[in-house]
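As structure tokens, the structure follows; a few thoughts come after it.
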Amino acid sequence: MAFFEALWTEARQSFTPWVLLLTVFAFVLTKTVAIDKPRFKAMFLFIAAHLAGLVATAGFEAVHSTFADITRTPTWVFGAVAIVGAGATLLFSVLLPRARLHAPLIVQDVVVGIAMVATSVAVLSRAGVNLSGLIATSAVFTAMLGFSLQDVIGNIAGGLALQVDNSLDEGDWIRVGDVTGRVVEVRWRYTAVETRNWETVLIPNTVMTRSNVFILGKRQGQPRQLRRWVYFNVDWRFQPGDVISVVQTAVRAAQIDRVAKEPLATVVLMDMTDTFGKYAVRYHLSDIAVDDPTDSEVRACVYFALQRADMTLAMPAHALFVTEETTDRKAIKTEKQLQRRRALLSTLDLFAGLAEAEREELARHMKYAPFAKGEVMTRQGAEAHWLYLMEDGQATVRVSDGTYDREVAQLNGPCFFGEMSLLTGEPRSATVIANGEVECFRLDKAAMQGVLAARHEIAETLARVLAERQVTLQAAKEGLSADAARERANRETNALLTRIRAFFALG
Ligand code: CMP
């Protein structure tokens with residue numbers, strides 16, 4: 001009986017009813033809102049320690065043991081700390097989020113830490129412990145404490161400074177020394193940075209405040225984007241102005257994800273060696289996480305643009321060619337290339353009616369024109385010079401009415417495109433973009449003229465394909481039904497045939 005009486009007396013003195021109330025409150029909270037789990041666990045530990053201390057003190061008190069005086073004070077401190085922890089959870093997980101305010105973790109930690117120390121000091125002085133005397137009389141202890149806490153205090157102050165002056169946000173990409181990565185969290189001791197190699201680096205906040213921290217791609221009033229350099233070498237057979245123009249036009253026109261449209265990419269001659277010029281494409285990367293894959297797409301675009309312009313990348317100056325370029329060798333090479341072109345022509349229905357000699361003639365006029373992923377092969381509204389014969393790869397046909405831009409068709413090689421403008425003389429009706437690498441050849445108007453003059457039925461086939469594709473474009477713009485589109489295609493075929501004949505001056 002004496003035990004329960006002592007328990008009740010101790011509980012009233014030790015704020016136990018409050019602690020129990022908080023335990024219930026804590027249980028309810030865990031079920032309803034997202035809370036900071038580690039702090040919550042610590043709170044439960046303090047509650048448990050408080051209850052254990054309470055039982056022990058009541059036990060000692062019941063048998064009149066002086067141990068009760070020893071266990072009472074920590075019991076009070078545990079209870080007080082648990083109350084502060086619960087109050088912090090209520091404030092930071094319930095009240096502030098309701099008011100749409102968010103205190104950074106480090107600020108929460110520091111506020112809770114200070115509140116816990118202050119409460120503990122208050123409780124200890126209530127229990128009669130003379131703290132000021134204890135610290136003042138132990139100068140050596142104070143000095144040691146200050147010295148050992150130097151780093152901790154520096155880290156906390158650094159972390160707070162980083163949060164308070166808003167210089168760094170979670171999600172920022174930074175470079176500190178040889179670490180480059182994305183900031184995931186600023187804690188009271190360190191800033192956690194995730195690197196591209198799937199590592200997390202914990203940089204002490206003192207290092208963060210004492211070093212040069214580069215925030216990648218950040219510029220006031222501008223979107224986040226980082227300038228990248230992609231180098232390539234071209235030998236002096238090709239004039240720098242031409243190289244720059246060919247590559248710059250291709251990279252600017254290409255629709256490569258993550259290459260910013262503003263500022264536009266530029267190409268510069270960076271350096272000159274005996275045998276080649278060193279060039280660089282400078283572009284702005286809009287998603288800093290994906291740097292190497294985007295560089296790779298830009299490189300592919302440079303490669304194909306140079307190929308189309310018959311410009312070759314420079315070879316190392318020490319490369320030695322031992323193969324003699326004999327007439328026979330040249331003939332074999334040409335024959336191989338012609339074979340490839342003939343094969344492509346024979347797979348296209350459009351040229352099925354041609355005799356072998358006619359196909360041969362056409363093959364000689366075909367010019368190799370490969371494209372990299374994202375490159376624009378024809379642009380809506382541009383002047384047309386070529387009919388494209390796509391050997392392999394995929395492309396998307398898109399049409400824009402000035403406000404909306406929509407996809408109207410997918411092209412899969414082998415197929416042809418670019419016939420509409422070449423046959424009628426009108427600007428390109430749509431934009432065709434390479435979905436991946438595209439192996440392609442092109443034919444100019446003169447070559448087509450020869451074929452059409454010799455084979456009138458090709459003009460008819462072209463007129464039909466043309467009418468069908470044009471009507472698909474109109475259907476996309478006007479929302480025509482399938483039947484209406486078919487009927488319009490039939491009507492337009494004859495009109496187009498007349499126009500093709502007139503444009504190519506066919507009899
Ligand atoms: P041209 O207008 O010269 O340039 C864009 C090309 O996109 C066009 O020729 C056609 O070859 C192609 N094109 C346009 N509309 C379609 C379509 N509906 N289906 C397939 N190809 C199309």
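Keep in mind that the numbers below use all heavy atoms, side chains included, and drop hydrogens, waters and symmetry copies. All ligand and atom numbering here is 1-based and tracks the order in the structure. This structure is a prediction, so every number in the text was calculated from the model and none was measured.
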Closest approach of any protein heavy atom to [atom], naming residue and atom:
atom: atom 19 (N) of ligand 1; answer: A409 CB, 3.4 Å
atom: atom 13 (N) of ligand 1; answer: V397 CG1, 3.7 Å
atom: atom 4 (O) of ligand 1; answer: R428 CD, 3.1 Å
atom: atom 16 (C) of ligand 1; answer: R469 CB, 3.8 Å
atom: atom 8 (C) of ligand 1; answer: S429 OG, 3.8 Å

Element-labelled atoms of ligand 1 that are located less than 4.0 Å from some non-hydrogen atom of [X]:
X: F417; answer: 11 (O)
X: S421; answer: 1 (P), 2 (O), 3 (O)
X: T472; answer: 18 (N)
X: V432; answer: 6 (C), 7 (O)
X: T378; answer: 4 (O), 5 (C)
X: L411; answer: 20 (C), 21 (N)

Task: Contact summary for Q470 and M420, nearest pair of heavy atoms - done: N-CE, 3.4 Å

Open item on the list: Determine whether the aromatic ring centres of residues F304 and F371 are separated by less than 6.0 angstrom.
Closed with: no

TODO: Measure the distances from the heavy atoms of A430 to every atom of ligand 1 and state whether one is below 4.0 angstrom.
DONE: yes

Task: Polar contact flag for P427 and ligand 1 (N/O pairs, less than 3.5 Å) - done: no

Task: Parallel, tilted or perpendicular, as decided by the 30° and 60° cut-offs, for the rings of Y279 and F232 - done: parallel

Any side-chain donor-acceptor pair under 3.5 Å between [X] and [Y]?
X: N435; Y: T396; answer: yes
X: R282; Y: T266; answer: yes
X: R464; Y: N490; answer: yes

Open item on the list: Between the side chains of D310 and K367, is the shortest nitrogen-to-carboxylate-oxygen separation below 4.0 Å, so that they form an ion pair?
Closed with: yes

Open item on the list: Looking at F416, I'd like to know if the NZ or CZ of R469 sits under 6.0 Å from its six-membered ring centre while staying within 45 degrees of the ring's axis.
Closed with: yes

Task: Criterion side chain to side chain contact (heavy atoms under 4.5 Å, CB included) on Y368 and E439, from CA distance to verdict - done: CA-CA 8 Å; Y368 183 49; E439 291 288 347; 2.5 Å; yes

Task: Residue portion contacting ligand 1 (non-hydrogen atoms closer than 4.0 Å) for E419 - done: both

